[in-house]
2 protein chains.
Amino acid sequence: MPADTEMLIRKLESIGELSDQDREALASLPVQVRHLEADQDVVREGDRPSVCCLLVDGFMHRYKVLPDGKRQILAIHTPGDVPDLQSLFLRHLDHNLAASAPSQAAFIPHEALRALMRQVLTLTELLWRDTLIDAAIFREWIVAMGQRSARSHLAHLLCEVFTRLRAVGMTQDHSCSLPLTQAELGDACGLSTVHVNRTLQALRGDGLIELQSHRLTILDWARLKEVAQFDPAYLHLRQPFVPTRL
Amino acid sequence: MPADTEMLIRKLESIGELSDQDREALASLPVQVRHLEADQDVVREGDRPSVCCLLVDGFMHRYKVLPDGKRQILAIHTPGDVPDLQSLFLRHLDHNLAASAPSQAAFIPHEALRALMRQVLTLTELLWRDTLIDAAIFREWIVAMGQRSARSHLAHLLCEVFTRLRAVGMTQDHSCSLPLTQAELGDACGLSTVHVNRTLQALRGDGLIELQSHRLTILDWARLKEVAQFDPAYLHLRQPFVPTRL
DNA sequence: CGCATCGTTGATGGGGATCAATAGCTGTGG
DNA sequence: CCACAGCTATTGATCCCCATCAACGATGCG
């Protein structure tokens, strides 16, 4: 039976090495699994959670809403991620976390994680490392928002999501799930829905991608990567993605 | 005699509590102080440093340069910051770090920091917390880049820098040093130099700020904060800034 | 099958980029 | 002490990417 922590183990192995002891310790974490509807908030700005949320299956995103109602999506999360790991050390949350699509989440008590880290010191380092990679992704998003065109920015986002999904074995061939609406892609990139639509059409028209009914297929990785100026170094993966062909 | 680690202690005290033992351990860190010229790179993308850089006096910024030559500034650093603390756990740097103005930096061997954290476990948590706040600032920048107008974005940046400088006692009354050129402000906000210039003039013209010869004075904190929609919660300071008056 | 959400298309406008040139400031050397 | 060089700040003119407004299909679910 695949433990709920299987994806967490895969994720951590994609960014560092785990000993058998590490894996066992992770696998025996006490978790409580819950199903989440699309658009359901998991935790909100100002909350002081006492558990962390491990995404087991589905998609999540973190976001802020400004006083005038504008929403900015800050991060997109894939299975294996612990989007609110920071809540271990930051008293109150400064943003919201929601399921982007119907998802499975495993909730882990802070106390269990703290105990785990005291017990297995290598995991402290690896989890810290995970939050640092989280930050590296934020930096890359800042670059995208500040310097890239809509076309390049969207291409970059697609490259990133595909690469991260691939690192945890959630891609099939050259396609993956991407259950985000164009409105969500827009709020992630700081673009209007209309412009996201037109830009995606252009990417499709140029034969770079296929994107329909929440499934993304990369038709031309080399050119997509070039449009995006995508360099996966910032993801700090142990084995960077090398396209098999096509 | 003011130790070189004085600013680090102040910074950490602004985001958490230090025991006498913590302070002593920090004060006795072995450091090597170096003077840096304006625009001098400290570490570069791809480097694998074996020391961390503590900014003692001056300003620094982190940045990336795209293949087409565009520069995006990712963060602005003030005294007490350790801009490359992450290099402790991420093998290679994914961006550059440079002095924005003539600065003093204290370099601390990774080994000394690791030993410190093994010895004083509360500092592990506090340093981790520091990197998490670093990430929280990135998130707020993403919001600014995606959703705010140039006017609001620049106002927000000024609020942030002032608030952070104030937290470590580096402000005088309602003014502080801000040795950044308009080109640098532009690269931080994803705006052109020309537009930064005009927008700053508007902020000056509206009586919100004064900004000349690298000194910023806040003339109307309440209105500036409103223009910026600035809420310092994301800085996770122990005692948020309450304006004394004016 | 009706309604809501999502995706698509067209038309118009604006915020900010870009190009180009001038003025001010700072340091440096003769 | 001035002249010059180089950077920084400022101003004006023009353009374009993308936002916004407004409909209209498509899709899926109860």
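Note on naming: letters A, B, ... go to the chains in the order of the sequence lines (proteins, then strands), and numbering restarts at 1 for each one. No experiment lies behind these values; they were computed from the predicted model shown.
- Here the P atom of nucleotide C:dT5 and the CG atom of A:Asp39 are 10 Å apart, to the nearest Å.
- Residue-level contact check: A:Gly190 touches the backbone only, with heavy atoms under 4.0 Å from sugar-phosphate atoms and none from bases.
- A:Ser192 comes within contact range of at least one nucleobase, with a heavy-atom separation under 4.0 Å.
- In the set C:dC6, D:dC18, C:dT9, the nucleotide with an atom closest to the side chain of A:Arg198 is C:dT9.
- Taking every side-chain heavy atom of A:His195 into account, D:dA19 is the closest of D:dA19, C:dT8, D:dA9.
- Remark: P of D:dG30 and CD of A:Glu37 are 10 Å apart, rounded to the nearest angstrom.
- When distances run from any side-chain atom of A:Asn197 to the nucleotides D:dT11, C:dG7, C:dG16, the shortest one goes to C:dG7.
- B:Glu160 and B:Tyr234 share a donor-acceptor pair across their side chains, judged by distance under 3.5 Å alone.
- Between the P atom of D:dA19 and the CD atom of A:Gln72 lies a distance of 12 Å, rounded to the nearest Å.
- If you check the side chains of B:His95 and B:Glu45, you find no donor sitting under 3.5 Å from an acceptor.
- Distance CG (A:Leu154) to C1' (D:dC17): 14 Å, rounded to an integer number of Å.
- Between B:Glu184 atom CD and D:dT8 atom P the separation is 8 Å, expressed in whole Å.
- Distance from the side chain of A:Val194 is smallest to D:dC21 among D:dG12, D:dC18, D:dC21.
- Contact annotation for A:Ser213: no contact, since no heavy-atom pair falls under 4.0 Å across all strands.
- Checked by atom type, the side-chain pair B:Arg151/B:Thr199 shows no donor-acceptor distance below 3.5 Å.
- A:Met145 has its CE atom 10 Å from the P atom of D:dA19, to the nearest Å.
- Here the side chain of A:Gln182 is nearest to one of C:dT8, D:dA13, D:dC18, namely C:dT8.
- Remark: aromatic rings of A:Phe162 and A:Trp221 are close, center separation under 6.0 Å.
- The side chain of B:His214 has D:dA9 as its nearest neighbour among C:dT8, D:dA9, C:dG16.
- When distances run from any side-chain atom of A:Leu191 to the nucleotides C:dT18, D:dA19, C:dG10, the shortest one goes to D:dA19.
- Among the protein residues, B:Arg204 comes within range of the sugar-phosphate backbone only, with heavy atoms under 4.0 Å from sugar or phosphate atoms but none that close to a base.
- The CG-C1' distance, from B:Leu200 to D:dT10, rounds to 12 Å in whole Å.
- Side-chain nitrogen and oxygen atoms of A:Gln212 include none within less than 4.0 Å of the OP1 or OP2 phosphate oxygen of D:dT27.
- Regarding B:Gln147, its CD atom lies at a distance of 15 Å from the C1' atom of C:dG15, rounded to whole Å.
- Taking the side-chain hydrogen bond (donor to acceptor under 3.5 Å, both in side chains) definition, one finds that B:Asp130 meets it with B:Lys11, sequence neighbours left out.
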